[in-house]
Amino acid sequence: MPDIHITLPDWFDSAIPMPTICDSDESRIALAIELSRQNVLHGTGGPFGAVVFDDAGRVVAAGVNRVMPQHCSVAHAEMMAYMAAQARLGRARI
């Protein structure tokens, strides 16, 4: 049975300084758009970014599209963000 590993790109860890708080819908969308832009600029996936926020607007986790580089049809940005949030929180529900 093969091991399955889905990873975010190397540049990603430094893309969002933590803790980051986005206090408006516009700033939340802007962050997701910037992640998608960086993903294309770095050549590490498609033009899609996603961010999970808590009720106060703090970034819980984020992701970018990794479908083609990871050869994985589920590695969409929002799925990467959900998986990262679940890993950070240590639970399946976020």
Side-chain angles (χ1 to χ4, degrees):
M1 181 75 71
D3 287 337
I4 299 170
H5 299 277
I6 304 172
T7 60
L8 290 165
D10 292 338
W11 60 266
F12 194 82
D13 283 342
S14 62
I16 304 173
M18 295 302 256
T20 293
I21 298 175
C22 295
D23 58 0
S24 68
D25 289 343
E26 290 80 11
S27 64
R28 293 173 189 182
I29 293 297
L31 179 55
I33 291 170
E34 179 58 22
L35 289 173
S36 67
R37 190 177 79 75
Q38 290 297 321
N39 205 35
V40 171
L41 287 174
H42 284 93
T44 52
F48 305 97
V51 187
V52 175
F53 297 93
D54 68 12
D55 292 338
R58 286 183 296 262
V59 172
V60 175
V64 291
N65 181 277
R66 299 289 285 156
V67 171
M68 297 304 284
Q70 299 277 251
H71 309 288
C72 180
S73 62
V74 298
H76 293 274
E78 66 276 16
M79 297 306 295
M80 299 297 287
Y82 284 140
M83 289 185 284
Q86 291 166 341
R88 175 166 285 145
L89 297 174
R91 60 180 191 260
R93 291 189 168 197
I94 50 176

Transitive ILVMFWY cluster of M1, excluding itself - 4.5 Å side-chain cut-off: none
Cut-off 3.5 Å, no hydrogens considered: what does the side-chain donor-acceptor table look like for residues 77-94, sequence neighbours left out?
| residue | atom | partner | partner atom | Å |
| --- | --- | --- | --- | --- |
| Q86 | NE2 | A92 | O | 2.8 |
| R88 | NH1 | V60 | O | 2.3 |
| R91 | NE | R93 | O | 2.9 |

Single-linkage hydrophobic cluster F12~F53, side-chain heavy atoms < 4.5 angstrom: yes
Report, one line per pair, each donor and acceptor closer than 3.5 Å where one atom sits in a side chain of residues 43-52; sequence neighbours left out.
| residue | atom | partner | partner atom | Å |
| --- | --- | --- | --- | --- |
| T44 | OG1 | W11 | NE1 | 2.9 |
| T44 | OG1 | N39 | O | 3.3 |
| T44 | OG1 | N39 | OD1 | 2.5 |

Going by the side-chain hydrogen bond (donor to acceptor under 3.5 Å, both in side chains) test, which pairs reach into residues 24-34, not counting sequence neighbours? S24-S27, E34-R37, E34-Q38
So which atom in A56 and which in I21 form the shortest heavy-atom distance, rounded to 0.1 Å? O-CG2, 3.7 Å
Can you give me the closest heavy-atom contact between V64 and L35, atom names plus distance? CG1-O, 3.7 Å
Say you draw a straight line from CD1 of I6 to CD1 of I4; how long is it, rounded to the nearest 0.5 Å? 7.0 Å
Quick one: list whatever passes side-chain contact (heavy atoms from CB on, under 4.5 Å) with T7, sequence neighbours left out. R66, Q70
Determine which pairs satisfy salt bridge (Lys or Arg N to Asp or Glu O under 4.0 Å) with at least one residue from residues 44-59, sequence neighbours left out, and list them in order. D54-R58
